[in-house]
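Have a look at the structure below, then the notes.
Basis for what follows: all heavy atoms, side chains included, without hydrogens, waters or symmetry-related copies. For ligands, and for the atoms within them, numbers begin at 1 and follow the listed sequence.
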Amino acid sequence: MMNIFKKGSLMIVLFAMILLTFHANGQTIQEISKVEKLSDDERMEWWRDAKFGMFIHWGAYSIIGGERGEQIAGGGAEWAMDKLDYTIEEYEQFPNMFNPQLFDADEWVRMAKDAGMKYIVITSKHHDGFALWDSKVSDYDIMDASPFKRDIIKELSEACKKQGIIFCFYHSIVDWHHPQAQGNLFPNYNAGQKDQSVVNPEFPKYYENYLKPQVKELLTNYGDIGVVWFDGDWIADYTTEMGKELYNMIRKIQPNTIVNNRVDKGRNGMEGMDKAGEFAGDFGTPEQEIPATGIDSDWESCMTMNRTWGYKPDDTKWKSSEQLIQNLIDIVSKGGNFLLNIGPDGYGRFPAQSIRRLKAMGEWTKANGESIYGASASPFDRPEWGRYTKKGNVIYAHVFDWPTDGKLIITEDLDLAKASLLVGVGSELKVEKNNKRVIIHLPEQAPDEIATVIKLEFKK
Ligand code: FHN
């Protein structure tokens, strides 16, 4: 029987040939993807291999920066409308001022790519309801409500395509601007957030006449969409029936698009995985946390570099580059993806602190990406000194804490053919077997202070 991997690669070659053929005839990949409905494993493959993506929270709230006079918004700056007590009318001034003349989609994508990120998820619309694309079902968008009058989703999706980064979008089910999204709660637009018993009889009309049409626009007019990343699943007005219908609608328009579990009602709070039951969605979404152990299903931890998603100068609690690199390794060692957030400012600039961290992550992933991209979860318990990842017949030992005596103890009964430093390839290391443990003799100094990778190859 043909090896499953050979069969899979044959399928991919055939699919690539179909793409090239159709492409030569001028059809878009999107049209082709309607023809070639991939299996779930084939559809998830790029995402499972990618491991590392950029989250971008950007919108009118990026002008506010989480501040109103002497008041600082508690929590996310993207919640400014609610946290800083703006009425809808007061808040509408910000889209009217949103004119990010320094926005450069090509530059944003280059920074993501250079950081080792393989996909970008941008907020097409956050809870404030302001759309960053040219929506035909609303004037509360970048083309009609702001002086910028450029389709940000279009520019970013085209820049991604040019640079080989997968374009994805975040979309909020919650909408604090649309009257039917709040119905009789109006103007108390966020009542549904605070009190699950609050019912808004108008919500189904918002869902049918606004939410679905806007998602449809994004899936129809901006080429292939890698992932639709829903948020706002928590409000009681949004039902599991709506979630399942929305998921099926997306898969009908673009069969190979991946959708997170916040499209439905299965998510178990911030730990992000689905509770028992049948819910739509292709991966779990732990938020601001990394699961304690590996999880044998698809999941992605989303995390900020400081503590807030939207731009907030007052938030100076930046995670170190070391912490972010070790988070990536930890997540991959547990079988997950890392979606790391950038909150650009109201001019369209990435914060300097973010740029520095992206560069540091790019240097590490450029040198050590073999142990990350396409790797799977460690088959072993977590060692005290770092993390393992696995790829085929190779285990990658990521050493965070370099042993002072130069001896790396592996408490697994391994039958190693070879151990070598991944960087400075060919630097074979002495391996000693002692009962059921392996001792690897290391150089005195760690080649990489943050995480040095040792490649462990096994006897065939
Ligand atoms: O309320 C949002 C928040 O603003 C941010 O978008 C995060 C990112 O996943 N999701 C929600 C909070 O869980």
Would you please indicate if the ring centroids of F169 and W133 are separated by under 6.0 Å? no
E363/K359 ion pair, N-O < 4.0 Å: no
Indicate the atoms forming the closest heavy-atom contact of W58 with S62, along with that distance. CD1-OG, 3.2 Å
Using a strict 4.0 Å threshold on nitrogen-to-oxygen distance, state whether D106 and R110 make a salt bridge. no
Could you check whether H57 and Y170 have their ring centres less than 6.0 Å apart? yes
Residues with a heavy atom under 4.0 Å from ligand 1, by chain and number, are F55, H57, E78, W79, H126, H127, Y170, W229, D231, W234, R262, M270, E287, C302, W309
Would you indicate whether the side-chain heavy atoms of K319 and T304 approach each other to under 4.5 Å? yes
